[in-house]
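What you see is a predicted model; the values in this text were computed from it and never measured.
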Amino acid sequence: HVKEQYFKAVRKGLVTFNNRQIQWLQYYRLYQDLKKEKDSLKRLTLRKKVEAARQVVFETTTALVQRFVVEHSLLTAHG
């Protein structure tokens with residue numbers, strides 16, 4: 001029930017995110033993919049994406065997102 005209430009609060013705008021938090025989530029998911037990948041060539045490609053995503057996180061503003069549409073999959077476990 002807590003999870004449902006959380007999603008409801010996000011949809012209503014009671015819980016807010018800033019741009020950096022959203023970019024961090026994308027970075028984190030790429031990083032998790034990198035940790036799981038066994039193929040060295042795929043890891044190399046993923047590592048470059050992770051490094052680029054990390055840089056985007058550092059460069060992203062911390063301004064709050066005005067309108068944030070929540071997809072259930074965005075806040076749930078990746079994979």
Could you list the donor-acceptor pairs under 3.5 angstrom formed between side-chain atoms of residues 40-48 and any protein atom two or more places apart in sequence or on another chain?
{"unit_1": "Arg43", "atom_1": "NH1", "unit_2": "Leu34", "atom_2": "O", "d": "2.6"}
{"unit_1": "Arg43", "atom_1": "NH1", "unit_2": "Glu37", "atom_2": "O", "d": "3.4"}
{"unit_1": "Thr45", "atom_1": "OG1", "unit_2": "Leu41", "atom_2": "O", "d": "3.3"}

Please determine, by modelled atom types, if Tyr27 and Gln23 share a side-chain donor-acceptor pair under 3.5 angstrom. no
Is it true that Gln55 and Glu51 share a donor-acceptor pair across their side chains at a distance under 3.5 Å? no
Is there a donor-acceptor pair under 3.5 Å between the side chain of Arg20 and the backbone N or O of Thr61? no
So, taking the atom named NZ in Lys8 and the one named CD in Glu4, what distance separates them when rounded to the nearest 0.5 Å? 9.0 Å
Please round to the nearest 0.5 Å and tell me the distance separating atom CH2 of Trp24 and atom CZ of Arg29. 10.0 Å
4.5 Å side-chain heavy-atom contact, Gln21 and Leu25: no
Paired with Asn19, the side chain to side chain contact (heavy atoms under 4.5 Å, CB included) test is passed by just one of Thr60, Thr62, Val57, namely Thr60
Report yes or no: do Ile22 and Val56 belong to one cluster of Ile/Leu/Val/Met/Phe/Trp/Tyr joined by side chain heavy-atom distances under 4.5 Å? no
My understanding is that only residues two or more places apart in sequence, or in another chain, count here; which of them pass side chain to side chain contact (heavy atoms under 4.5 Å, CB included) with Ala9? Leu14, Val15
